Structure formats: C-alpha cells, structure tokens
Amino acid sequence: MIDAHLHLDQYVRVDEQIKRWQEAGITGVVAVSTDLSSSYRTLELKQRFPSFVYAAIGFHPEQPLPNAADWNEWTSLIKQARPLLSAIGEVGLPYYSAEAAAQLPRYCDLLAQIAAIAVDTSLPLVLHAVYDRAETALAIVQQAGVRNAHFHWLKASAKTVQRIVRCGYYISVTPEVCYRERDQALLPLIPLEQLLLETDGPWPFAGPFHGKPTTPLFLFDSVRTVAAHYGEEIGRVKTVITANTKRLYGSLSL
C-alpha cells in the first residue's frame, strides 16, 4: 500500500522507519512539504529513497504566507527539481488558523498562482481545503484548468464532495475512518476508483490509535474498514486504491 499523504520530513530515524514500513508491506509514501525549508528536506529524502518517496513541495496554508524571497526561490526550485517531483503540495486555503484565515483573499491569490504552476508543469495538486474552503479551492483549481488534484483529509458538504468527484479529482480519508461517523459517511459519496488512503503522519489519532505514533502501518486498519463499508474484499480494495495513487502520482524513479 501507499500512504497518500505523509509529512516524512517530520519523522526521526527515517532509515529505520522506512525499513520497518517496507517489511510490513508499505511500498511508498507521498511526502508533502510545508514551506521552503521543508521542500528542500523532502527533496533530500526523495534522493535518498527514490523508489519509496513520491515528493511534493509547497507551502502549507495554515502557516504565514511566504515572503517574496522564499516564493521566488521555491518557484525556481520547482523548475530545477521537476524530474524528482510527483506533485505540488501541501497547498490550499486556511481554515483552522484565525490569523491566516483573516487574509483569505491573499491565500486565494496564492493558490491561483500555484494552480497555474501545476498546469504549466503537469503536476497534480495536493490540497488542504476543508469545510467551506473546499468549495472555494475547487473553484480556483477548476478556473486554472488543473486536471489532477487530491483533496486530502476532506471535510465538506455532500454537495461539494459530489462536485469534486464529478471533476475527476481524488479524495482521501485518514485513520479517523475507523472510528468517526463523519468520515464513514463520506465513503458512499466517493467512487472507490477516486479514493485514496492517507495517515497525515505524524499527526496523532484517537480511537484505537490513541497513544500510538502514527505511521503508514495504520493504512492496514483503514483499508479493512473501507472494504467493509464498500462491501468489497480487502484484497481488491488494496489493489484499487494503490492503483489510484499510482495513477495520480505517477511512477517512482528506481
């Protein structure tokens, strides 16, 4: 299985961790970034583990807007590192940070610029856009002509979810799907062929995962729950979701 959204740069003893994940059956992770320095760390990890890491670089929208110098360096980095990249992300619109949300129009402008870069570079977008921000982000990426996007850990109205699905974009659920009705209620709205599984590690979870360090191994719990809700065999669901992830993020360098 492939973890469709993980902050690999925030883990320690990465070599040891990846070896353990691979031995358990994890074949890759989509490693997202949060700012310029995080983007560089993600690219370093990609170079160290080329057959395991799908690299995505970007500016997390719950953080302050990038300054001009960081933005210019990041846009140059996109061009320089394009052969190493599988996506642009994590990007999107703020919701949880009151300070960032107060500048929502500026974040919308930034997302529009990033979406244009995604189109120019033929890279998918990894989107952080929840609740009413999901609808706004959807409008921005559609306007830019983005063909491939992943709404990670989506929380949105049924109407917005249905619109995202009609656009052909992908939606992921986290281990919360194992214990939260909200996440379980999302599944009937998403065709299995557009579903991804992620952990957003090292973000911690509750329920059966309380007190446990988050790793891609949680995907095995998530896939059992998802298979039960779709009324499908676990093996088939693993195969389809892994194929979805590869279809969106492409092939890894060996």
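Starting from 1, each residue takes its place in the sequence as its number. Quick caveat: nothing in here was measured; it's all calculated off a predicted structure.
- Every side chain to side chain contact (heavy atoms under 4.5 Å, CB included) that Glu181 has, sequence neighbours left out, goes to Gln184.
- Every pair tested for salt bridge (charged side-chain N to carboxylate O under 4.0 Å, His left out) that includes a residue from residues 18-28 fails, sequence neighbours excluded, so the list is empty.
- Thr174 has its side chain out of reach of Trp203: every pair of non-hydrogen atoms, C-beta onward, lies at least 4.5 Å apart.
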Candidate pair Phe52 and Gln22, rule side chain to side chain contact (heavy atoms under 4.5 Å, CB included), full reasoning: CA-CA 9 Å; Phe52 188 78; Gln22 288 178 317; 3.4 Å; yes
Cut-off 3.5 Å, no hydrogens considered: what does the side-chain donor-acceptor table look like for residues 103-113, sequence neighbours left out?
from: Gln103; atom 1: OE1; to: Arg106; atom 2: NH1; distance (Å): 2.9
from: Tyr107; atom 1: OH; to: Gln63; atom 2: O; distance (Å): 2.5
from: Tyr107; atom 1: OH; to: Leu65; atom 2: N; distance (Å): 3.3

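- A salt bridge links Arg163 with Glu135: the distance from a Lys NZ or Arg NE/NH1/NH2 to an Asp or Glu carboxylate oxygen falls below 4.0 Å.
- When every heavy atom of Ser39 is checked against every heavy atom of Ile57, the shortest pair comes out as OG-CB, 3.3 Å.
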Apply side chain to side chain contact (heavy atoms under 4.5 Å, CB included) to the pair Tyr169 and Asn148, showing each step before the final yes or no. CA-CA 6 Å; Tyr169 298 146; Asn148 295 303; 5.9 Å; no
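- Remark: His5 engages His7, His152 in a ring-ring contact (aromatic ring centres under 6.0 Å, His included) (not counting sequence neighbours).
- Between the Asp70 side chain and the Pro66 main chain, no donor and acceptor come within less than 3.5 Å of each other.
- With no hydrogens or angles considered, no side-chain donor-acceptor pair links Ser222 and Thr225 at under 3.5 Å.
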Test Asn67 against Trp71 for side chain to side chain contact (heavy atoms under 4.5 Å, CB included), laying out the working first. CA-CA 6 Å; Asn67 59 43; Trp71 170 256; over 6 Å; no
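- Across all non-hydrogen atoms, the minimal contact from Val29 to Ile2 is N-CG2, 4.1 Å.
- Tyr11 meets the ring-ring contact (aromatic ring centres under 6.0 Å, His included) test with Trp21; sequence neighbours excluded.
- Within the 4.5 Å cutoff, no side-chain heavy atoms of Ser172 are placed close to those of Leu154.
- Separation of atoms CD1 (Ile190) and CD1 (Ile164) is listed at 8.5 Å; rounding is to 0.5 Å.
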Per-pair distances, 0.1 Å, donor-acceptor, side chain in residues 240-247, under 3.5 Å, sequence neighbours excluded:
from: Thr242; atom 1: OG1; to: Lys238; atom 2: O; distance (Å): 2.8
from: Asn244; atom 1: OD1; to: Arg247; atom 2: NH2; distance (Å): 2.7
from: Asn244; atom 1: ND2; to: Leu192; atom 2: O; distance (Å): 2.8
from: Asn244; atom 1: ND2; to: Glu193; atom 2: O; distance (Å): 3.4
from: Asn244; atom 1: ND2; to: Leu195; atom 2: O; distance (Å): 2.9
from: Asn244; atom 1: ND2; to: Val240; atom 2: O; distance (Å): 3.4
from: Thr245; atom 1: OG1; to: Ile241; atom 2: O; distance (Å): 2.8
from: Arg247; atom 1: NE; to: Tyr170; atom 2: OH; distance (Å): 2.9
from: Arg247; atom 1: NH2; to: Glu193; atom 2: O; distance (Å): 3.1

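- Between Met1 and Phe220, some side-chain heavy-atom pair lies under the 4.5 Å cut-off.
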Under the criterion ring pair (Phe, Tyr, Trp, His ring centres under 6.0 Å), I'd like the reasoning laid out for Trp153 against Tyr95: C-alpha separation, chi angles, the key distance, then a yes or no. CA-CA 13 Å; Trp153 202 340; Tyr95 180 86; over 10 Å; no
Could you tabulate the donor-acceptor pairs under 3.5 Å formed by side-chain atoms of residues 122-133, not counting sequence neighbours?
from: His128; atom 1: ND1; to: Glu90; atom 2: OE2; distance (Å): 3.4
from: His128; atom 1: NE2; to: Glu62; atom 2: OE2; distance (Å): 2.8
from: Tyr131; atom 1: OH; to: Arg182; atom 2: NH1; distance (Å): 3.3
from: Arg133; atom 1: NE; to: Pro94; atom 2: O; distance (Å): 2.6

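- Put simply, the side chain of Leu196 does not reach to within 4.5 Å of the side chain of Ile171, judged on heavy atoms.
- The nearest pair of heavy atoms linking Tyr249 to Ala87 is CE2-CB, 3.5 Å.
- Take Phe218 and apply the ring-ring contact (aromatic ring centres under 6.0 Å, His included) test, not counting sequence neighbours, and it matches Phe209.
- No hydrogens or angles considered: nothing links the side chains of Thr214 and Thr199 as a donor-acceptor pair under 3.5 Å.
- For residues 137-156, the set of pairs meeting the salt bridge (charged side-chain N to carboxylate O under 4.0 Å, His left out) definition, not counting sequence neighbours, is empty.
- Between Lys46 and Leu85, every side-chain heavy-atom pair lies at or beyond the 4.5 Å cut-off.
- Using a 4.5 Å heavy-atom threshold, the side chains of Val32 and Leu6 count as separate.
- Residue pairs meeting the salt bridge (charged side-chain N to carboxylate O under 4.0 Å, His left out) criterion with at least one member in residues 207-223, sequence neighbours excluded, are Asp221-Arg224.
- Taking CG of Leu8 as the start and CZ of Arg41 as the end, the distance is 11.0 Å to the nearest 0.5 Å.
- Val12 belongs to no hydrophobic cluster with other residues, because no ILVMFWY side-chain heavy atom falls under 4.5 Å from its own, directly or through intermediates.
- Applying the side-chain hydrogen bond (donor to acceptor under 3.5 Å, both in side chains) rule to Ser97 yields no partners; only residues at least two apart in sequence or on another chain are considered.
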Show, in sequence, the C-alpha distance, side-chain angles and deciding distance for Val173 and Glu198, and conclude whether the side chain to side chain contact (heavy atoms under 4.5 Å, CB included) test is met. CA-CA 6 Å; Val173 293; Glu198 60 154 303; over 6 Å; no
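- Remark: the backbone N or O of Ala156 is not paired with any side-chain donor or acceptor of Thr160 at under 3.5 angstrom.
- Looking only at side-chain heavy atoms (C-beta outward), His210 and Phe205 stay at 4.5 Å or farther from each other.
- Contact between Leu248 and Ala149 at its shortest, heavy atoms only, is CD1-N, 4.2 Å.
- Contact of the Val30 side chain with the Asp3 side chain is not registered, since no non-hydrogen atoms from C-beta on lie closer than 4.5 Å.
- A pairwise comparison of heavy atoms in Phe49 and Val14 identifies CE1-CG1, 3.8 Å as the closest pair.
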